[in-house]
Amino acid sequence: NPPVKFTEMAYVTIRNVTIRNTNVGRCVEFVGKYSHDITIDNCDIQGVTSTATPYYNSTAIGRISTAAPFTSGGSGDRDMHFTNNTISGVNFGLYFTGTTNNAYKEDNFEVNGNTINCTVTGINAIQAKRWTINGNRINQMATAADMDFKGVALQNCTDFASISANKIHMNQRGGTGIATTTYAGSNASAPNMMMANNEIIGKVTVTARYNINLQNTKQVNLYHNSSYMYSPTDITQSAPLYITGSSSSTNNINVYNNIFYNASTSAENKNYAIYLNYTTANALATTIKLDYNEYYSVGTSLGWFVAPRNNFAEWQNALASRGEDVNSVSMPLGFVSTTDSLMPIAFEGLECEPVTGVTTDIRGAQRYNFITYMGCYTRAIPATDLAITELTSPVLGNECPSAQYPIKVMVKNTGSANLNFATKPTTIYYTIGTTTGSMTVTSGTIAPLQSQEVTVVPNFPVNINTIYNYMFVVRVNGDNNTLND
């Protein structure tokens, strides 16, 4: 018997209690007809793991059976609050299952601020609706064999409010950080679930691992997540983001401002940063939108959509007709810790537009209104910060030999305020071959995240069969960030 059993109970609070089951089983179990308005807060819940199936026999908090009398109760469990608990030594942290009948779904759960150490799944919801899963830390425990770990798993769920600001660390055998199988809003006008500011770290030890796996999923905003994978040996296939399902069952997904970084190795070059599982371009729903994402893989295949895309240029070209990932980037990054904190060591190049509904980062730090950073972390943004992002002329390899060329560069405002060149004159210093010089921009205004092409030298003479190295440095008063100058 579990230490705590709820049999058709309501308005009960358990707080600051240690709950321990020294046998394989449930620590807190819900049975009988539905219970409601139950709070379990700031408790220490400990169980015993098991490799015997079914794995859910070892669960910290849950309802395993939906057999009668549950289906004669007129409702599923509802208005549950599981907050700020420490859960350890179990296969499942939370395991709740309702029925296909909407009246008997597990309804309106708050699962926030918990630390869950488990072997199979942190939070498992089947036939559930209207949950909030925020601010949890889910850690994978060591096991002798792979147990198909999942941090948060949804199956046949609807109308969730948020899965956000969770830290899901899978540093033992890896697995799936967030998995949704058949998820949608209750109707087309229902608001999208917010899946934002999650930090997901996965050690890849089995092929076909995906940190975020969206299958037959609708109405999700995938914003500002940091998803990182690594491997001790070559693994055939992996991706920090995987999306699959027909256009009728997988649609209305917005993928903005994320970091998808694959540092695992693959002899077959299938260590993708993103995998859109569609063999024809028109099979991907037009309501799946992507932009301002950072995609990086240590391999030679950046992503998969219709076919492998070997580099970022190929990836953007594959999505060009859809107008997707126009402002996305691909560059190597350093992190504070690849097993514990995906805060970038340097944020330069990760600037992006804010999205509605995400005003803070995973720590609660405020994001700026006009500019922020990709991924789940942000930092203070200086008012003045100007970067040189591109040499736009000459276009190497695309122009016929000429005796002279205009030298042009693109400058980008990566600060938080408008940059008016009339009040903040900007000087660009250049070295082209053995020629050095400078020019000053004194007119024009650039808003945050906007760019302007600048002619540095109107006509620069060149010699045939001569190699010219270009170096540019931009300086503006008040810009103290020299890393992107």
Side-chain angles (χ1 to χ4, degrees), residues 163-168 177-178 194-202 211-212 220-229 239-241 243 253-263 272-274 276 288-298 302-303 312 315-316 319 323-338 341-382 385 387 389-390 412-416 447-451 481 483-484:
I163 301 175
S164 295
N166 300 288
K167 289 192 172 190
I168 303 172
I178 300 176
M194 186 68 74
M195 195 179 290
N197 282 331
N198 295 292
E199 177 181 84
I200 304 174
I201 299 173
N211 272 2
I212 301 173
V220 172
N221 290 333
L222 196 65
Y223 294 158
H224 283 292
N225 299 282
S226 295
S227 178
Y228 178 91
M229 308 187 84
L241 173 64
I243 298 177
I253 300 174
N254 297 310
V255 185
Y256 294 144
N257 299 5
N258 303 280
I259 294 175
F260 300 120
Y261 204 101
N262 198 338
Y272 306 108
I274 178 173
L276 301 180
I288 294 180
K289 303 294 185 182
L290 309 97
D291 205 6
Y292 282 111
N293 299 299
E294 146 76 340
Y295 303 109
Y296 190 79
S297 171
V298 298
L302 181 74
F312 186 57
W315 178 259
Q316 284 191 307
L319 295 169
E324 309 299 343
D325 275 332
V326 174
N327 297 293
S328 294
V329 298
S330 179
M331 61 183 186
L333 295 175
F335 299 99
V336 170
S337 170
T338 55
S341 174
L342 296 181
M343 176 181 284
I345 293 173
F347 285 78
E348 284 70 27
L350 296 174
E351 297 86 3
C352 61
E353 293 181 350
V355 289
T356 301
V358 182
T359 58
T360 60
D361 74 353
I362 190 171
R363 303 161 302 171
Q366 195 71 27
R367 293 186 182 272
Y368 284 66
N369 292 332
F370 302 106
I371 184 172
T372 187
Y373 294 109
M374 302 171 196
C376 65
Y377 290 96
T378 191
R379 68 168 186 185
I381 301 175
D385 188 11
T389 59
E390 185 181 2
K412 183 177 183 178
N413 182 3
T414 52
S416 61
L449 283 181
Q450 299 305 304
S451 298
N481 180 18
L483 294 177
N484 57 6

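Predicted, not measured: the structure shown is a model, and the values here were computed from it. Heavy-atom basis, side chains included; hydrogens, waters and symmetry copies ignored.
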| task | Please name all residues satisfying ring pair (Phe, Tyr, Trp, His ring centres under 6.0 Å) with Phe312, sequence neighbours left out, ordered by chain then number. | result | none
| field | Inter- and intrachain pairs under salt bridge (Lys or Arg N to Asp or Glu O under 4.0 Å), touching residues 342-353, at least two apart | value | Glu348-Arg379
| Ser164 side chain to Asn197 side chain, donor-acceptor N/O pair below 3.5 angstrom | no
| said: Do Arg367 and Asn257 pair up side chain to side chain, a donor and an acceptor below 3.5 Å, judged on atom types alone? | reply: no
| Are more than 12 heavy atoms from other residues, nucleotides or ligands located less than 6.0 Å from atom CZ of Phe370? | no
| query | Which residues pass the ring pair (Phe, Tyr, Trp, His ring centres under 6.0 Å) test with Phe347, sequence neighbours left out? | reply | Tyr373
| field | Option among Arg363, Glu199, His224 that satisfies the side-chain contact (heavy atoms from CB on, under 4.5 Å) test with Cys376 | value | Glu199
| task | State the CG-CD1 distance between Asn293 and Ile274, to the nearest 0.5 angstrom. | result | 7.0 Å
| said: Counting the benzene-type ring for Trp, do Tyr292 and Tyr256 have ring centres under 6.0 Å apart? | reply: no
| query | Heavy atoms, side chains only, cut-off 4.5 Å: are Phe260 and Val255 in contact? | reply | yes
| message | As a quick check of understanding, evaluate side chain to side chain contact (heavy atoms under 4.5 Å, CB included) for Thr414 and Asn484, giving each step before the final call. | response | CA-CA 9 Å; Thr414 52; Asn484 57 6; 3.4 Å; yes
| said: Is any side-chain heavy atom of Asp291 closer than 4.5 Å to one of Ser328? | reply: yes
